[in-house]
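Since the structure comes first, as structure tokens, the remarks are kept for the end.
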Amino acid sequence: MNTATFQETNAIATGSAAATVVASQELLLIPLSKLRPSSRNVRKSGGTSIPELASSIARVGLLQNLTVVAAPDGEHYEVVAGRRRLAALKLLVKRRKLAKDHEVHCLLVQDDAARTVSLTENVQREAMSPIEELFAWKDLVAEGRPVEDIAADFGVTPLVVQRRLKLANVSPRLLADFGTQAVTLEQLMALAITDDHAAQEAAFYESPQWQRSPDALRDHLTSEEIDASRDAVARFVGLEAYEQAGGGFRRDLFADDHNGIFLTDGALLDSLARDKLAPPAVQVRAEGWAWVDVAPRATASDLYQFQRARSTRREPTKTEAKRIAKLEDQQAKLQEQLDDESEDMNDEQAQALHDAMDALGNELEVVERQLVEYPAAVVALAGAIVSVDHMGEVVVHRGLLREEQAKALLEQARQEGGVAGGNSDTGTDEPAKSGIPEKLAKRLSAHRTAALQAEVARHPHVALVTLVHRLALRVILESYGAGDSAVHISATPQDGLGLHAPDMADAPAAVGMRKVREAWAQRLPNDPDALFAELLAFPQQELLSLLAVCVAFTVSALASQEGEVPAAALAYAVNLDMHDWWTPTAAGYFEHVSKAKALEAVQVFAPDQVNRLGKLRKAEIASEAERLAVGTGWLPVMFRAEELAVEVEAETGREADARASVDVSGSVDAEVHEDAHAEA
């Protein structure tokens, strides 16, 4: 270690009588060419960071002498303490920054004391505390030293210096607790996202123990800001355009290059997005739609207020058919290369093939989109919304009908006699809606239960209301029905959800609840009396947090039918949004429903693909449906808001003629879980 302390070494040999001090020591200047490592150096490792140490020695010199013994050949000296310093000096010679005969301060000790001296130097020393080190860096800057010079002195990058300065600027109370290991370095790094000491302390000390993970602390401090790496609209606008427009942001110095940038002006960002969406909106208006709106953040709930007109797919022309066949053939060949186990390719080559597959898929989607047609009567009444999808790309939702427009279209169809025949120029009958299998209903409701448990655990007030509600039903109102409440206060954890959903172990809600339970289990004593005493000492807020977790684990919302919505009031109270907890996959949904039911879902989130998928086998439909559903925010009926489920059930019972030309769509283009925080 290149420290500022000049080594004074006492070689001590232990014996049966007494310790003997080796007094024969001599400080010499020895040419570097005559120095070599000694096998009697007790440190056999530690040869790391040599380039950094060399850079430091080049700038500020060798601040600590080497300790040596005379070599047997009488010409050289062996270094018994200072292996890293010797390696750094040799590296400087190799870089031609030092001469081969550069003289080095060395402390010559007796040969029989070599190993003792080496051990003493490494044992009898105490490193400075992390807090002392942080403040030392801060003091260097306070003395007027440029960050770049400090970085060069210590062989680190300027970013390393900036990070240490950022840590040194954290609240003194938190730094004190960091010194006693009550706060971890990772937590300190997360809290350093802001310079506001009050905000730092509130985020840490006012949060329950299990909500003090670095990610949770960082989210707490940036809840009013937009994470540029996760927000689709931010990706669409671009950080450079946002900065040029005067948008403010803060950077997390401890994140990598692609993360840790938080935008502080959401209104400006949305305004820039609207400006960028204006040209595509002009093109959509040219298609003749009755109205076209620009909405960068059109969510599922925004789009659900509209009914969606049915579209048709015309037959492609010879040129278009040839183009489609060529693209599909190219895709097939690339897929064969990827599937060929004998093909020797590295990760970069495989990624290139995947990128090429994606490009071909995008071209196919463009061609397919051109084949989608809407009847003239629909275009004259319906409209479109130009928005941004989850990937930060432009997406257009066409064929949207407000309630009055849908009624007008339906009346027009009746007058033209199109309803009686089951078809009309305005659209075609939607597939008959059939219920999902009971096994799938239980599987989906198990995921909903896990998500509901996770949300209740995050809402102590709702958990307290739920607990009082259950007790009041039993004690005050003398109600014995378990169905009167969503919770089971008999303290029976509802943790057997994996019996109904094989993929429950990896579900985000289940993983999160498992971690919360483990954190509390490590903290609470097992002895009942000790536990009671511990709980008595808890602050009320922390006691409520524990209550929320306990109540959450008793929640049960299992169902056997698609139309069942157990615990609707509780879900409404915690604002349950299954977009945050579940995504549609082939294994999780599409493989378990009929072909018609799968196509019914596709009609909602990819209406232009329905005809193409209708020609495929069920397994292929499931796979394609999973791919097309990515980022659309589509959810099955069981996962939509409670009032939405009731509306859909009522829709199922309507007469066939009332469903001839319009189709009630489900959730479209909602942000996935990674963007939920950014949209809040």
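Residues: numbered from 1 along the sequence shown.
- Expressed to the nearest 0.5 Å, how far CZ of F605 lies from CD of Q603 amounts to 10.5 Å.
- Under the 4.5 Å side-chain criterion, counting only non-hydrogen atoms from C-beta, V379 is not in contact with E287.
- By the 6.0 Å and 45° rule, R218 does not stack over the aromatic ring of F262.
- Residues H397 and R308 meet the side-chain proximity criterion, which asks for heavy atoms closer than 4.5 Å.
- Note on R627 versus E624: salt bridge recorded, some NZ/NE/NH1/NH2 to OD/OE distance being below 4.0 Å.
- Judged by distance alone, with hydrogens and angles left aside, the side-chain atoms of S387 form a donor-acceptor pair with the main-chain N or O of P296 at under 3.5 Å.
- Between the T264 side chain and the G248 main chain, a donor and an acceptor come within less than 3.5 Å of each other.
- At least one test fails for R285 against the ring of W291: distance under 6.0 Å to the centre or angle within 45° of the axis.
- Atom CD of E393 and atom CZ of F236 lie 8.5 Å apart (nearest 0.5 Å).
- In this structure, the side chain of E626 does not engage the main chain of T585 through any donor-acceptor pair within 3.5 Å.
- At a threshold of 4.5 Å between non-hydrogen side-chain atoms, the residues Y205 and L174 count as touching.
- Taking the side chain as every heavy atom from C-beta outward, L400 and I385 approach each other to under 4.5 Å.
- With contacts defined as side-chain heavy-atom distances shorter than 4.5 Å, the pair H447/F639 qualifies.
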- Task: Please step through side-chain contact (heavy atoms from CB on, under 4.5 Å) for the pair E243 and E240, ending with a clear verdict.
- Result: CA-CA 5 Å; E243 289 186 69; E240 183 176 350; 5.6 Å; no
